[in-house]
There are 2 protein chains.
Amino acid sequence: MHDHAAEHSGSACGHADHESVLDRAERLCRERDLQFTRLRRDVLGAVAGQARPMGAYDIAERLSGSGKRVAAVSVYRALDFLTEHGLVHRIASRNAFVSCGHDHGERDGLLFLICRSCGGIDEMTSPAIESQLGRAVAEAGFTPTSRIIEVEGECGACRERGGPPGH
Amino acid sequence: MHDHAAEHSGSACGHADHESVLDRAERLCRERDLQFTRLRRDVLGAVAGQARPMGAYDIAERLSGSGKRVAAVSVYRALDFLTEHGLVHRIASRNAFVSCGHDHGERDGLLFLICRSCGGIDEMTSPAIESQLGRAVAEAGFTPTSRIIEVEGECGACRERGGPPGH
DNA sequence: GTGCGGCTGATACACTGTAACAGTGCCGGG
DNA sequence: CCCGGCACTGTTACAGTGTATCAGCCGCAC
């Protein structure tokens with residue numbers, strides 16, 4: 001472990017539990033005077049219930065069980081709200097979404113590790129990378145407003161297991 | 001300028017010229033014994049002719065002038081070939097493609113600066129970021145195979161100009 | 001020539017995302 | 001109470017992105 005240690009949430013293997021994510025979201029919305037509606041809660045719940053990123057249509061399908069039908073467009077609107085407030089993150093390389101494992105409600109400075117074997121996502125932050133990135137970008141005369149960093153590979157659990165999971 | 005200085009190609013304002021990109025591509029394909037076919041050359045030419053990222057359907061439309069029609073699926077196959085050999089890069093956050101401004105033919109270790117005002121793309125590499133990223137990821141027990149870094153913001157030219165370009 | 005492999009053309013389809021409009025429920029002002 | 005505004009949701013339609021599949025073409029080895 002180094003002093004500049006990066007922090008990571010380890011959601012790739014045993015995702016952050018459902019309840020705490022919803023509770024945190026509800027609290028955050030109360031604090032900011034936002035409407036945490038039924039649909040938004042359901043969408044967040046669906047995303048939080050999966051360790052791997054979910055597509056908007058996957059979410060719509062999952063919420064559409066038992067007579068009630070949820071259109072993809074509604075899911076998109078809920079996802080817009082949730083991403084805007086940092087409750088879920090969009091994985092650009094997959095066109096999919098994951099629930100945020102942090103308590104911050106921030107939208108930036110994050111880094112995603114995507115496992116090719118199990119499909120899981122690990123979310124982390126690294127101040128060291130942030131500062132290097134900020135410096136390199138500034139040298140190019142560029143003023144950043146947002147950034148994405150997504151790394152694909154194999155997570156520790158899958159490598160130890162020596163291949164794709166039985167799972 | 002620092003000793004670990006990042007290198008960037010500056011394609012955001014006045015893109016790398018058409019000819020040199022095609023010439024380099026042709027040479028690279030000869031060296032590697034790859035087929036640089038008409039379609040692939042045309043697609044690369046279309047992408048290289050633009051400083052901003054192009055969608056596959058934009059490319060198809062541009063190539064479809066004057067009686068001849070190029071289907072999007074053909075463009076996708078050409079783009080697969082070109083990205084596979086590092087001649088063009090995919091911008092995940094835009095679902096679009098840019099021609100590679102470097103001579104390398106590498107596919108990794110790159111960083112893209114996307115200007116919100118002019119839509120231009122600047123491509124750069126930074127060993128410092130690479131090493132920090134490698135270290136942080138390794139600490140998380142993750143074995144990377146590929147990565148994307150995309151930064152959105154305002155390029156130097158647009159900031160000096162003080163807003164969106166008259167273009 | 002014949003067969004084989006790589007490239008292209010064409011159609012169809014699945015997935016991702018947005019635009020536009022209508023309906024509903026809440027809430028404050030008259 | 002009624003009315004209008006506002007935010008949210010439902011619905012339809014459509015644009016954009018990407019893949020699967022089959023068929024034809026062309027060069028090349030046998």
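The basis for the numbers below is simple: all heavy atoms, side chains too, and nothing from hydrogens, waters or symmetry mates. Every chain is numbered from 1 and lettered A, B, ... according to where its sequence line falls, protein lines coming before strand lines.
- Of all non-hydrogen atoms in B:F97 and B:R90, the two that sit nearest each other are CZ-NH1, 3.5 Å.
- Using a 4.5 Å cut-off on side-chain heavy atoms (C-beta onward), A:M124 and A:L110 make no contact.
- Side-chain contact check for A:L113 versus A:C155: every heavy-atom pair is 4.5 Å or farther apart.
- Summarising the geometry, the separation between CG on A:L34 and P on C:dC26 is reported as 19 Å, rounded to the nearest angstrom.
- At a threshold of 4.0 Å, the pair B:R41-B:E26 does not count as salt-bridged, since none of the basic side-chain nitrogens sits closer than that to a carboxylate oxygen.
- Annotation for A:Y57: hydrophobic cluster partners, listed by chain and number, are A:Y76 (ILVMFWY side-chain heavy atoms under 4.5 Å, direct or chained).
- Under 4.0 Å is where a charged nitrogen must lie from a carboxylate oxygen, and between B:D42 and B:R38 at least one such pair does.
- Here the range on DNA chain D touched by chain A, meaning any atom under 4.0 Å from one of its heavy atoms, is D:dA7 to D:dT12.
- Environment of CD in A:E152: crowded, with over 12 heavy atoms of neighbouring residues, nucleotides or ligands closer than 6.0 Å.
- A donor and an acceptor atom, one from each side chain of A:E154 and A:S117, are located under 3.5 Å apart.
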Query raised in the report: If the sugar-phosphate is the primed atoms plus P, OP1 and OP2 and the base is the rest, what is the B/S/- string for nucleotides 9-20 of chain C, using protein heavy atoms under 4.0 Å?
Result: BBB----BBBBB
